[in-house]
Amino acid sequence: MSGSLWLKDPGTAVRAALPPTPEPVPSGRAGADPVAELAGRLDDFVAAAVHPDEVAALLESDGLTDEQIRRRYGHDDSFALAEDLYARVERRFPRTGDPPPGPGGPALLGCLLRGLLFTLPGLGPVLAAPVLAGGGTVHAPLLAAALAGWAWNQALAHRAYTWLGLGDRPAAARALLRGAPVGVVLGTAAAAAAAPGHGPALPFAAGQSLYLAAATVLLVLGRERLLLPALLPLVGGALYAVSHPMPAWAHLVLPLASVAAATGLAAVAVARMLRTAGPGGRSPTGSRRAALSGLGGSVPYGLFGLGSGVLVLHVALEAPPFAVALTLGMGPAEWLLHRFRAAGLAGLRASTSPRAFRISVAVALLRSLAGYLGILSALMAAALLLWPGGAGRPDAATTAGVLLLGAALWTGLLLQAFGAVLSPAAVCCPAALLPLLLPGSGPLLAPAAASGVLVLLVCAQLGRITAYR
């Protein structure tokens, strides 16, 4: 499994398909009105909006910061600009059956590719198994390093996304440059503490932590597709080793080649950002103070990464094929997050009362969650069928527990995408401790409790119009 499993763009997970926003026109140019030009480009969407908050949600989902809005359009923030746009455009509601205008989402193929990229690093322990022979005790350092990576890299990604949202690309690059090595040290230290005295596993755990740090950098900077060629030595070696004997050195050199390639690509990406970002990309002093004072805002993302990682770890120990299915399922899960957002905005336009809007959100949640669980079920069946050497059929309770865990993870990511960052961490971390505190609780209690609470939170929090700002 890959530690980049949970990395998302928090708070701006759904981006609108807006055309590029022009740079401000000099004030001396007659007839130049950037707000009127923007109103013309967004005419269909603004005409169908029933509240200025819908327009503000579109602007924010496209990544427009308050600084950019002040500089380009002369308004204080997205809400002031949205009210101006709403006042300028005459209301025109779409005919029944017309596709509602709204934010676009990523292509399904791109999301599936991300899910695959999250899964492929799991071939590393398979390829290195002959070198790491020694049973579950030797694998403990690898699991500890992965958990440390989940927690730290999730928080680091949030810090970098915060700077990117403020328009300060150099600060985002510096956050990644300083934070990624810390993640490597923490992962290696966790591995050493988990199983002291198991020397062969420690270098591999360090390499795993280094790869997770590099993958975090590339994912945040939108360069995740570079990971595919970087992983070719690892994937090719693992597939070859399934049916052919390999020399001992190859089991170490091939994973090392993938780690080195990913690290080099991440270093080049950060260096390029630092070199090409101009002085105009720096955020104003007030925004920088707000970002720095909100440093604790990254902690819930790290805690959610830790809690969800422990929950997936329980599955990996009981039914490894199901853990692979959960990882692969993150691709379709991301696509369904965008679909839910689009359905919520469509319900906001079509509803005539708060109660009708809440019902539309509940229906959209039910459809999206059912779609995800259907995809996850198919992936679980395929993983059992294709698992090398075959895998014992898990009992019904384990299978149901994995599906409920998938529901908990998806709803937690959904809440994070809408800015509700505390509740997923507050639910997943205690749920992760339940199997340890209640050893005889079985595989259903923790995921059932987490998924039930998170579904209720989604209905309560996302059933409000203000959640779609």
Side-chain angles (χ1 to χ4, degrees), residues 8-17 45-46 48-62 78-79 82 86 93-94 96-106 108 111 304 329 332-376 403-404 406-428 448-469:
K8 305 289 177 190
D9 184 345
T12 57
V14 183
R15 297 195 177 275
F45 179 87
V46 178
V50 297
H51 193 278
D53 282 352
E54 282 188 69
V55 184
L58 180 71
L59 298 173
E60 291 183 357
S61 67
D62 189 51
S78 60
F79 297 106
Y86 191 79
F93 296 101
T96 302
D98 287 352
L108 177 59
C111 291
F304 176 70
E334 181 181 357
W335 184 72
L336 286 168
L337 291 177
H338 292 265
R339 297 295 298 171
F340 175 88
R341 175 65 176 254
L345 290 174
L348 187 62
R349 285 188 296 270
S351 302
T352 57
S353 68
R355 181 175 181 273
F357 176 64
R358 288 194 295 269
I359 292 175
S360 70
V361 169
V363 171
L365 175 63
L366 182 61
R367 288 177 178 173
S368 299
L369 193 52
Y372 170 66
L373 293 180
I375 294 171
L376 180 58
L403 290 173
L404 288 170
L409 297 178
W410 188 82
T411 49
L413 291 172
L414 179 61
L415 287 168
Q416 273 197 345
F418 278 83
V421 298
L422 290 175
S423 47
V427 171
C428 285
S451 59
V453 173
L454 288 172
V455 166
L456 292 176
L457 287 173
V458 168
C459 292
Q461 297 187 28
L462 303 189
R464 295 180 288 108
I465 293 176
T466 53
Y468 295 80
R469 286 179 175 173

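When a residue number appears, it is its place in the shown sequence, counting from 1. The basis for the numbers below is simple: all heavy atoms, side chains too, and nothing from hydrogens, waters or symmetry mates.
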Does Val361 reach the side chain of Phe340, with side-chain heavy atoms less than 4.5 Å apart?
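Side chain of Val361 against side chain of Phe340, heavy atoms only: contact under 4.5 Å found.
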Side chains of Arg358 and Arg355, heavy atoms from C-beta outward: is any pair under 4.5 Å?
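Counting from C-beta outward, Arg358 and Arg355 do come under 4.5 Å.
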Looking at every non-hydrogen atom in both residues, tell me the closest pair between [X] and [Y] and how far apart they are.
| X | Y | result |
| --- | --- | --- |
| Gly344 | Phe357 | O-CE1, 3.5 Å |
| Ala408 | Ala450 | CB-CB, 3.9 Å |
| Leu454 | Thr411 | CB-OG1, 3.3 Å |
| Ala343 | Ala364 | CB-CB, 3.8 Å |
| Ser451 | Ala407 | CB-CB, 4.1 Å |
| Pro52 | Ala82 | O-CB, 3.4 Å |

Checking Ser423 now: which residues fulfil side-chain contact (heavy atoms from CB on, under 4.5 Å) with it, not counting sequence neighbours?
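Result, side-chain contact (heavy atoms from CB on, under 4.5 Å) vs Ser423: Leu415, Ala420, Leu457, Gln461.
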Say you draw a straight line from CG of Leu409 to CG of Leu414; how long is it, rounded to the nearest 0.5 Å?
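One gets 12.5 Å once the value is rounded to the nearest 0.5 Å.
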Nearest 0.5 Å please: distance from the CG atom of Leu413 over to the CG atom of Leu336.
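It is 11.5 Å, given to the nearest 0.5 Å.
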Donor-acceptor under 3.5 Å (Ser368 side chain, Leu365 main chain)
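No; judged by distance alone, with no hydrogens or angles, the pair does not exist.
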Where does the angle between the aromatic ring planes of Trp410 and Tyr372 fall among parallel (under 30°), tilted (30 to 60°) and perpendicular (over 60°)?
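The arrangement is parallel - the two ring planes meet at less than 30°.
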